[in-house]
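Before any comments, here is the structure.
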Amino acid sequence: MNTEVQQEGEIFTQRREKLEQIRALGFDPYPHKYAFTHTLTRTVEQFSSRTAQELEAQPIPLRVCGRILTIRRHGKASFLDLYDGNRKLQIYVKKDVVGDRLWSLFELLDNGDVLGVEGALFRTKMGELTVRTDVLTLLAKALLPWPFGKFQKKKEGEGPEEVWYSSLADVEARYRQRYLDLVVNRDSREVFLLRSKVVRQIRRFLDEREYIEVETPMMQARAGGALARPFVTHHNALDMDLYLRIAPELYLKRLVVGGLERVYEINRNFRNEGISTQHNPEFTMLEFYQAYSDYRDLMELTESLLTEVADQVLGKREVQFNGHRISFDHWQRFSLVEAIGKFWGGPAPAPTPADLGTREGVGSALERAQVPYDHAASRGELLGKLFESVVERQLIQPTFIYDYPVELSPLSKTRDEDPAFVERFELYIGGLEIANAYSELNDPEEQRERFEQQAAARARGDEEAHVMDENYVTALRYGMPPAAGEGIGIDRLTMVLTDRHSIRDVIFFPHLRPE
RNA sequence: GGGCCCGUAGCUCAGCUGGCAGAGCACCUGCCUUUUAAGCAGGGAGUCGAUGGUUCGAAUCCAUCCGGGCUCACCA
């Protein structure tokens, strides 16, 4: 949309003239506060069962406020609807009652204006709960028109009986002018209210288990803890480049070394990579660490956590996502190698664990699945590639995939039975990667070697390889208790719980303009 | 970055085999003191994303650019 054209437009000019007329009448179009007695939502919910007779016998005086949705003018008496983003309430304004001066003000009101109304409840002939206005107060004049659409009575069922349908459909406008979207698209508001509840329930769950919430640096001298390209910024006084963090992991584990045995952080990570319906350059991650535990404990914890979140936030354990019915009562677990065989979609027969035991075997499976791959890559890297292309999108029901190749996991502890693999799992729901967790590598010398291998990969041109972090190795040399840690993508989890298919629909202000 | 699609009134869109720029909602004026998608009567509103080209004539055809959506690749 072109904001300049809109602001030079006819409606804007008309409304500015009305604003001047309002001032000329002696009203402040932008007063400081309004002492309401009831929210619109509370008014509707509390008094919706009162009959006309009850309201007449026992008048309920109140002051309410909200945004004007529509005005139905009838000469010397009019109706308007106020809206608080949740419920709307009808207001009746009668010239005889409010007097000439307030009536003149009323005549200068438009939809979108924020209004306070003092009066008493009654029911109209048609039975609608309505405030009969004694005093009306303009609380904020809207100079630009709101894209309110039509409204429609909802049929039988849950939720408010009326639903407003927005005429704001343009996707870019919905993101750029989220404030409009939040008011006119009821669904949008509900997504963000639900997201807030998800975060609150996660905090409650972890707090109940003796976790403490912490904050670690967003700007780091080395961007570690994940395999991704960072954003670079510059500190002028120190004259040094700093990186926006790609993960808080290495700092959280330093805290575990420091005796904070259960820590979590819910905060932003920044990754300088592609933008898609599943990726925003900044995204919110829950990351938590639990000492004296391994990744299997975290699988249990994750099941409990997400089941409780579903219970508390949705009130049920089933959710519709992308045309699938997802149940938080049925959790599956497969090793990565197992999953490749089970979900194999290429020509029969599916590769067996033995087939996948060699680099050549994995390479031939990739060829049969017609997946192009780097022939210089190691077996573990090829396994990861094969898993992503063959299995990932098929993981609709909550599924843990465990035991990842060591090459892909420089911070994870290897399995005792097979050091080519690490104790790591990822959780998939609805085809989305929701969580990533592992038993933390706490052997400082092995960690140092892993970093060196990553440094070698980086030297070969892999920009996403992990950087060496001597300082972190030093922390491990003081002895980190055995621990397991996990990251859960809050944005993606919200997508699943709200049936949104773009990450932009669960972030208030998503990044919009790619290069 | 590749592929496909889109950009016309404040909003949602039609018009696109070239020939006076349209509809609904919103807005303005008038009437209307229990309406509720209020009603009735009248009216205003556009750099057709931008630039260049073809043409007697371009919203329409061509090229380039800008912005957006979906999708593939990389990533969580």
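Residue numbers start from 1 in every chain, and the chains themselves are labelled A, B, ... in the order their sequence lines are given, proteins ahead of strands. Quick caveat: nothing in here was measured; it's all calculated off a predicted structure.
The separation of U8(B) from A14(B), taken at their P atoms, amounts to 10 Å, rounded to a whole angstrom. Between the C1' atoms of C48(B) and G18(B), the separation comes to 15 Å (whole Å). Between C5(B) and G10(B), the distance separating the two C1' atoms is 26 Å to the nearest Å. Rounded to whole Å, the C1' atom of A26(B) lies 14 Å from the corresponding atom of G43(B). With both ends at atom C1', the span from A63(B) to G22(B) equals 29 Å, rounded to whole Å. Comparing the C1' positions of A37(B) and G24(B) gives a spacing of 12 Å, expressed to the nearest Å. Here, G44(B) and G68(B) have their P atoms 37 Å apart, quoted to the whole Å. Rounded to the nearest Å, the gap between the C1' atom of G46(B) and that of C27(B) is 15 Å.
Figure legend. C31(B) is base-paired to G39(B); pairs are counted as Watson-Crick or G-U wobble with both atom distances under 3.5 Å. Nucleotide A23(B) is matched to U12(B) when pairs are restricted to Watson-Crick or G-U wobble geometry with both distances under 3.5 angstrom. Pairing for G7(B) is with C66(B), a Watson-Crick or G-U wobble pair whose two hydrogen-bonding atom distances lie under 3.5 Å. The partner of G1(B), taking Watson-Crick or G-U wobble pairs whose two distances both stay under 3.5 Å, is C72(B). Using Watson-Crick or G-U wobble geometry with both donor-acceptor distances under 3.5 Å, C61(B) finds its partner in G53(B). Applying the Watson-Crick and G-U wobble criteria (two distances, each under 3.5 Å), U17(B) pairs with nothing in any strand.
With sequence neighbours excluded, the residues satisfying side-chain hydrogen bond (donor to acceptor under 3.5 Å, both in side chains) with R229(A) are E463(A). Residues passing the side-chain hydrogen bond (donor to acceptor under 3.5 Å, both in side chains) test with S378(A), sequence neighbours excluded: E381(A), E407(A). H324(A) is linked by a ring pair (Phe, Tyr, Trp, His ring centres under 6.0 Å) to nothing, counting only residues two or more places apart in sequence or in another chain.
In this structure, F334(A) has its ring center closer than 6.0 angstrom to the ring center of F343(A).
Within the nucleic acid shown, L227(A) comes within 4.0 Å of sugar-phosphate atoms alone, with no base atom in reach, counting heavy atoms only. Contact annotation for E282(A): no contact, since no heavy-atom pair falls under 4.0 Å across all strands. At the heavy-atom level, N280(A) lies under 4.0 Å from base atoms of the strands shown. Residue S276(A) is out of contact with every strand shown, counting any heavy-atom pair closer than 4.0 Å. Across all strands shown, Q278(A) has heavy atoms under 4.0 Å from base atoms, whether or not it also approaches the sugar-phosphate.
Between the side-chain ring of F148(A) and the base of A26(B), no stacking contact exists by the 5.5 Å and 30° definition.
Atom pair F12(A):CZ and A9(B):P shows a separation of 19 Å (rounding to whole Å applied). Protein atom CG of D374(A) is 12 Å distant from nucleotide atom P of C74(B), rounded to whole Å. To the nearest angstrom, P of A26(B) lies 18 Å from CG of L144(A). Atom CZ of R229(A) and atom P of A73(B) are 17 Å apart (whole Å). Distance OH (Y438(A)) to P (A76(B)): 10 Å, rounded to an integer number of Å. As rounded to whole Å, 15 Å separates atom C1' of U29(B) from atom CG of D110(A).
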Side-chain atoms of residues 386-393 of chain A: list all donor-acceptor pairs with protein atoms under 3.5 Å, sequence neighbours left out, distances to 0.1 Å.
{"residue": "S389(A)", "atom": "OG", "partner": "K385(A)", "partner atom": "O", "Å": "2.6"}
{"residue": "S389(A)", "atom": "OG", "partner": "L386(A)", "partner atom": "O", "Å": "3.4"}
{"residue": "E392(A)", "atom": "OE2", "partner": "Y428(A)", "partner atom": "OH", "Å": "3.1"}

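Between T124(A) and M126(A) there is a side-chain heavy-atom pair separated by less than 4.5 Å.
Both the sub-6.0 Å distance and the 45° axial angle are satisfied by R73(A) relative to the ring of F106(A).
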Check the interface with nucleotides 43-45 of chain B: list each N/O to N/O pair with the protein under 3.5 Å, or write none.
{"residue": "G44(B)", "atom": "N2", "partner": "E10(A)", "partner atom": "OE1", "Å": "2.8"}

Using a cut-off of under 3.5 Å, enumerate the N/O to N/O pairs linking the protein to nucleotides 31-35 of chain B.
{"residue": "C32(B)", "atom": "N3", "partner": "G75(A)", "partner atom": "N", "Å": "3.1"}
{"residue": "C32(B)", "atom": "N4", "partner": "G75(A)", "partner atom": "N", "Å": "3.2"}
{"residue": "U33(B)", "atom": "OP2", "partner": "K76(A)", "partner atom": "N", "Å": "3.4"}
{"residue": "U33(B)", "atom": "N3", "partner": "D96(A)", "partner atom": "OD2", "Å": "2.9"}
{"residue": "U33(B)", "atom": "O4", "partner": "D96(A)", "partner atom": "OD1", "Å": "2.4"}
{"residue": "U33(B)", "atom": "O4", "partner": "D96(A)", "partner atom": "OD2", "Å": "2.9"}
{"residue": "U34(B)", "atom": "O2'", "partner": "K125(A)", "partner atom": "NZ", "Å": "3.4"}
{"residue": "U34(B)", "atom": "O2", "partner": "K125(A)", "partner atom": "N", "Å": "2.8"}
{"residue": "U34(B)", "atom": "O4", "partner": "R132(A)", "partner atom": "NH2", "Å": "3.0"}
{"residue": "U35(B)", "atom": "O2'", "partner": "H74(A)", "partner atom": "NE2", "Å": "3.2"}
{"residue": "U35(B)", "atom": "O2", "partner": "R72(A)", "partner atom": "NE", "Å": "2.7"}
{"residue": "U35(B)", "atom": "O2", "partner": "R72(A)", "partner atom": "NH2", "Å": "3.3"}
{"residue": "U35(B)", "atom": "O2", "partner": "Q90(A)", "partner atom": "OE1", "Å": "3.4"}
{"residue": "U35(B)", "atom": "N3", "partner": "Q90(A)", "partner atom": "OE1", "Å": "2.7"}
{"residue": "U35(B)", "atom": "N3", "partner": "Q90(A)", "partner atom": "NE2", "Å": "2.9"}
{"residue": "U35(B)", "atom": "O4", "partner": "Q90(A)", "partner atom": "NE2", "Å": "2.3"}
{"residue": "U35(B)", "atom": "O4", "partner": "T124(A)", "partner atom": "OG1", "Å": "2.9"}

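Taken from CH2 in W146(A) to CG in D113(A), the straight-line distance is 11.0 Å, to the nearest 0.5 Å.
Classification of the F400(A)-W331(A) ring pair by plane angle, with boundaries at 30° and 60°, yields parallel.
No side-chain N or O of D84(A) forms a donor-acceptor pair with one of T39(A) less than 3.5 Å apart.
Nearest approach of A247(A) to E287(A), heavy atoms of both residues: CB-OE1, 4.3 Å.
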